[in-house]
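Inspection log for the structure reproduced underneath, given as structure tokens.
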Amino acid sequence: MRVVVAASARSAARVAADLVEEFITASPSPALGLATGETMEAVFAELVRRHRDEGLSLAGVEAYLLDEYVGLAPCDPGAYRSVVHRLLVRHVDLRADAVHGPDPAAADLAAECARYEQQVRVAEVGLQLLGIGSNGHIAFNEPGSPLDSTTRVVVLSDQTRTDNARCFPAGQAVPTRAITQGIGTIGAAGRLVLLACGRHKAASVARAVEGPVTCDVPASAIQLHPSVTVVLDPAASSRLTKRVADP
């Protein structure tokens, strides 16, 4: 595992974007795993800037979403497919039909989870972007999730719903369920890049990076992966005890 502490949150987003750019320019048919959430907004913005100002092309990318809320209409601004379209797809040459995700409106959600699990496995995601929740979750794998879990419907914790409420208009309830790739699914990607910024992430980062591997801290499963880069700003790294790399 390589841990990089950048000078600022903005610099950390640039480091993550560097890794994405290196991956998609070196791969003939890149399969890229996309996370969403506040931390990823700066990464998307940097990829958009590079497309606009430097000619970075995402035309050959096939993108796969980590998760999606159950109960939101596809056009709901809070739906992750909508978020990715609004912040990334509409500004670059990534085709809209090249963004894949689970269908939370499927009549048979168990069958839909199995379908998406198979699609992601066949795609062989080469680089998976990840965030981390304040309770140590990755994707929507809440504490207690099995380390070999696959794509499934999960019930969101109160902590996760509280943390994500800022992404919804006042008065709109955060969904209680979601479809998420499992920890085992995520671990099948060729490379993991976890980005975290802010002091409110420091405790979960330290537990994930330096603590024991345990289902109580789902993100700690990254320690089992052979190719992981953790990118942090100074605040998110503040509880780490071991020496880390320069960006």
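- Inter-residue side-chain proximity for Gln118 and Thr150 is flagged as unmet; no heavy-atom pair is nearer than 4.5 Å.
- No side-chain N or O of Arg207 forms a donor-acceptor pair with one of Asn135 less than 3.5 Å apart.
- Heavy atoms from other residues, nucleotides or ligands lying under 6.0 Å from CZ of Arg199 number 12 at most.
- Within 6.0 Å of CZ on Arg239 lie no more than 12 heavy atoms contributed by other residues, nucleotides or ligands.
- Listed by first and then second residue, the side chain to side chain donor-acceptor pair (under 3.5 Å) pairs involving residues 106-117 are Glu112-Arg115, Arg115-Gln119, Glu117-Arg121, Glu117-Thr151, Glu117-Thr185 (not counting sequence neighbours).
- Contacts classified as ring-ring contact (aromatic ring centres under 6.0 Å, His included) and involving residues 161-220 (residues at least two apart or in different chains) are given here: Tyr69-Phe168.
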Can I get a per-line list of side-chain donor-acceptor pairs under 3.5 Å for residues 24-35, giving both atom names and the distance, sequence neighbours left out?
residue, atom, partner, partner atom, Å
Thr25, OG1, Glu21, O, 2.7
Thr25, OG1, Glu22, O, 3.3
Ser27, OG, Phe23, O, 2.8

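- Under a 3.5 Å cut-off, the side chain of Asp216 and the backbone N or O of Pro143 do not form any donor-acceptor pair.
- Environment of CZ in Arg49: crowded, with over 12 heavy atoms of neighbouring residues, nucleotides or ligands closer than 6.0 Å.
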Got a list of side-chain donor-acceptor pairs under 3.5 Å for residues 187-196, not counting sequence neighbours?
residue, atom, partner, partner atom, Å
Arg191, NH2, Thr229, OG1, 3.0

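- With rounding to the nearest 0.5 Å, the separation of CZ in Arg161 from OG1 in Thr176 is 6.0 Å.
- Heavy atoms only, all atoms of each residue included: Ala208 and Ile222 are closest at O-CG1, 4.4 Å.
- For residues 84-115, every residue pair satisfying the ring-ring contact (aromatic ring centres under 6.0 Å, His included) rule, not counting sequence neighbours, is listed here: Tyr64-His100.
- Salt-bridge annotation for Arg50 and Asp18: present, with a side-chain N of the basic residue lying under 4.0 Å from a carboxylate O of the acidic one.
- A search for side-chain hydrogen bond (donor to acceptor under 3.5 Å, both in side chains) contacts involving Thr162 returns nothing, not counting sequence neighbours.
- Through side-chain heavy atoms spaced under 4.5 Å, either directly or across other Ile, Leu, Val, Met, Phe, Trp or Tyr residues, Leu147 is tied to Ile183, Val213, Leu224.
- Each ring-ring contact (aromatic ring centres under 6.0 Å, His included) pair with one or both residues in residues 202-222, not counting sequence neighbours, would appear here, but there are none.
- Using a 4.5 Å cut-off between side-chain heavy atoms of Ile, Leu, Val, Met, Phe, Trp and Tyr, with links allowed through other members, Val120 and Val70 fall into different hydrophobic clusters.
- Here Asp148 pairs with nothing under the side-chain hydrogen bond (donor to acceptor under 3.5 Å, both in side chains) rule; sequence neighbours left out.
- Side-chain atoms of Ser82 come within 3.5 Å of backbone N or O of Asp76 as a donor-acceptor pair.
- Residue pairs meeting the ring-ring contact (aromatic ring centres under 6.0 Å, His included) criterion with at least one partner in residues 201-237, sequence neighbours excluded, do not occur; the list is empty.
- Side-chain heavy-atom separations under 4.5 angstrom define the hydrophobic clusters, and Val122 shares its cluster with no other residue.
- A search for side-chain hydrogen bond (donor to acceptor under 3.5 Å, both in side chains) contacts involving Thr39 returns nothing, not counting sequence neighbours.
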